[in-house]
Each structure stands twice: as structure tokens, then as C-alpha cells.
Amino acid sequence: MENELPSDSELMARLGRGDLAALGILAQRHQNRVLSLSYRLLGDWHRAEDVCQETFLRLRQAAARYEPKAKFTTWLYRIVHNLSLDQQRKAANDPVSLEALQADTEETARDSSVERHELAEAVQRAVGELSERQRRVIILHRYEGLSHEEIGEVTGWSKSAVESLLVRAYENLREKLASYQDFSP
Amino acid sequence: MEHAREIDLIEWVAGRLGSEQEKVVGTHVQDCPVCRAKLHDIRKTWDLLGAWQVQPAGHADVAAHGASSAVQEERRIPLVVRFPGVRMAARIAAALAVSVLIGYAGGRWSVRPMPTGAGMEPPPYFSVLGFELGDSFSSLVLQDEPASSQES
């Protein structure tokens, strides 16, 4: 059908041929999930924005070589995941400024009831306290809806490692959020 | 009774089990209080995790900015980098240009007029012999030499 929206693979092929309008469509289509994932992985909007921009630049650079073997979003998530890892390494040497932290907190607090905001903060904190690997699989599984195989493709870990990390992560989160069991989100 | 695998319970809550496996786990959970309690805990944790919502909408324009940066980046990338074939052509053209320049400069140097003894007063016999100041010193020598050799 002529009016059907082009698939991600088609857009990548167009981008590979130098059609930069395709990049705009891809950005519009995926920017929210790229931002959400990078924010959850990094906990800082400024760094998440950097990752987002860099992701679409990488997309442009890789378009000519792109082969649609895996699902496009899985491939995209792998870029975001790797870039977030790089950002995290940089962040270890360059801690987030107090202003940035305050700005993030204020933003989350806007339009939220105190109780809900408290719960959201508790969840964010609990996820943040998980080990690095558990945190990554939880974010990809719970918030991005990826299957075990897809998480394996994004992170480079085996399916059995992903499953074992998921089980331990959910157990740890249940313990950490035990005092909120009566809350209804 | 063998209990359900915890990972299957997690996937059951996530709604990502295949229909057959979902039926198997569902039937087992109905009969097994241990797994039912575990499933309840997992579901509660799953729901609590849902409270952490992020709103990327306010930051979404950065992606558009990212895309436009990519476009600008594209424009900044020299042609020779974007198209590898152009790189070889550019190298050949540059080599030719350098050769032509060297040839031209060499040619200019080889036909350069000889020094004219600028600032020197011509000797009085100059005009008698029909020489002019513009004549080169070397030509004077060449013209003088046969005469001196004859004298000796």
C-alpha cells in the first residue's frame, strides 16, 4: 500500500543512500524511547540528552553498513546501552553537579502527588541500588519490554545469564520495596 | 509437585509467555499455594516498579537537534571522506597539480635573464664598441674571450 509508513529498515536503507529526511523520521519515531532508556540507565537528563544526540549521529554513520539482521529497536537499544556505559565511565570522573540533581528532582516532583512522588523516588532508588548488571536487565525487561534473547543481544550476555540476573533482580527489588507493599501505584 | 520456575512466573506477570506455557503455569499456580504466593509477590513488585515513570517529552527536541546535528556533521565531512572514490581522484589531481607547478617553476628558472650588473657605471668604451648596459656580463666575457686568446 502506498500510504503505509516506511519501516525502520526501509528508512535506514534510505539514510544509507544519503536521504537525511529519513533520519528525521527515525528520530521522531524513536526519540522518546531512546531518551527514556538512557535516562533510566544514567539517572540524569543532561547525560541522557547527550546519549540521544550521539545515538542518532551513530545511526547516520552506520546507515550505509546497516543490515537488518536483528530487530531495529534491539540494534538501537544496543547503541544506547553502549553509549550509556561510556557516559557512566565519564561520569565516574565528572560527578553530576548539584544544580543538575536539583533540576531533575524538581522536574519529577512537578504535577505529582506527594505519595506517588515518594513511591517513584523509592523505586528509582531501589533500582539504582541494584548491581550494575541487575539494574540494566531490569530496565530493559520491565521498562523497555525486551525479551530475554533481546536483552542478551543488547548487552552481549547469554540468555541464561540474563534470566538468572532477572530472577535475582526481582527478588532484591521485592526486599528493597517491602515497606511499600501496601501502596497502590 | 515440581514448582514453576521463577523466571516463568516473572514472564507470566509480564504477559510474555507463549499461550501454551501460560496455560501450564496458570494451571500449576492454581493448585500450588507456594507458587501462588510467589506470583503475588512478583506481581506486586512489578506494579510498584510501574510507579517510576519518566517523561521524555520535555527533552524530545534534543533528538531533533541530534538529527539536525547529524545533517550539519554530514555537511562538514569533506567530500573525500564521504566518497572514498573521490579520495583517489583527488590524490591523482593533487599529484598532477604539483608536477605542473614544479615544471612551471623549473622552466621559469631556466629562462631567467642573466644578472645585468645593476648599479654599475658602464666603462667609457662601452658605447664605442656598441654595447648597451642591458647586455649580460657573461656575453661580454664570451665576446671578450676570443680577442684575449688571440693576443696571447
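Values reported hereafter were calculated over all heavy atoms of this structure, with side chains retained and with hydrogens, waters and symmetry mates removed. What you see is a predicted model; the values in this text were computed from it and never measured. Here is how names work: the chains are called A, B, and so on, in the same order as the sequence lines, proteins then strands, and each is numbered from 1.
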Which distance, rounded to the nearest 0.5 Å, do you find between the CD of B:Glu6 and the OG of A:Ser164?
-> 11.0 Å
Heavy atoms of other groups near A:Glu132 CD, more than 12 under 6.0 Å = yes
Greatest number of non-hydrogen atom pairs under 4.5 angstrom with chain A, of B:Thr45, B:Leu9, B:Ile42, falls to B:Thr45
Side chain to side chain, B:Glu11 and A:Glu163, heavy atoms closer than 4.5 Å = no
Okay, A:Val34 and chain B: the region with an atom under 4.5 Å from a heavy atom over there is neither
Quick one: do B:Trp109 and B:Val100 end up in the same hydrophobic cluster if we chain Ile, Leu, Val, Met, Phe, Trp and Tyr together by side-chain heavy atoms under 4.5 Å apart?
-> no
Atom CD in B:Gln55, atom CG in A:Leu35: separation rounded to 0.5 Å?
-> 12.5 Å
So, the side chain of A:Arg174 versus the backbone of B:Lys44: is there a donor-acceptor pair under 3.5 Å, distance only?
-> no
How many angstroms lie between atom CG of A:Leu165 and atom CD1 of B:Ile7, to the nearest 0.5 angstrom?
-> 9.5 Å
For atom CH2 of B:Trp12, is the number of surrounding heavy atoms from other residues, nucleotides or ligands below 6.0 Å larger than 12?
-> no
Report whether A:Leu130 and A:Tyr180 are members of the same hydrophobic cluster (ILVMFWY, side-chain heavy atoms less than 4.5 Å apart, transitive linking).
-> yes
What's the spacing between A:Ile138 CD1 and B:Leu49 CG if we round to 0.5 Å?
-> 6.0 Å
Neighbour count above 12 (heavy atom, 6.0 Å) for A:Lys176 NZ | yes
Contact part of A:Arg40 toward chain B, heavy-atom cut-off under 4.5 Å: side chain, backbone, both or neither?
-> both
Is it possible for you to say whether A:Leu85 and A:Leu83 belong to one hydrophobic cluster, with membership spreading through side-chain heavy-atom contacts below 4.5 Å?
-> no
Minimum heavy-atom distance B:Ile10-A:Leu166, with the two atoms named = CD1-O, 4.2 Å
Can B:Arg16 and A:His148 be counted as having a side-chain donor-acceptor contact under 3.5 angstrom?
-> no
Do A:Trp45 and B:Val54 pass the side-chain contact (heavy atoms from CB on, under 4.5 Å) test, and can you show the C-alpha distance, the side-chain angles, and the key distance before you say yes or no?
-> CA-CA 10 Å; A:Trp45 279 116; B:Val54 296; 4.2 Å; yes
Please name the pair of heavy atoms, one in A:Asn32 and one in B:Pro56, separated by the smallest distance, quoted to 0.1 Å.
-> O-CG, 3.7 Å
Sub-4.5 Å side-chain heavy-atom contact between B:Trp52 and A:Leu119 | no
Cluster overlap B:Val13 with A:Val167, hydrophobic side-chain contacts below 4.5 Å = yes
A:Tyr170 side-chain N/O to B:Trp46 backbone N/O, donor-acceptor pair under 3.5 Å | no
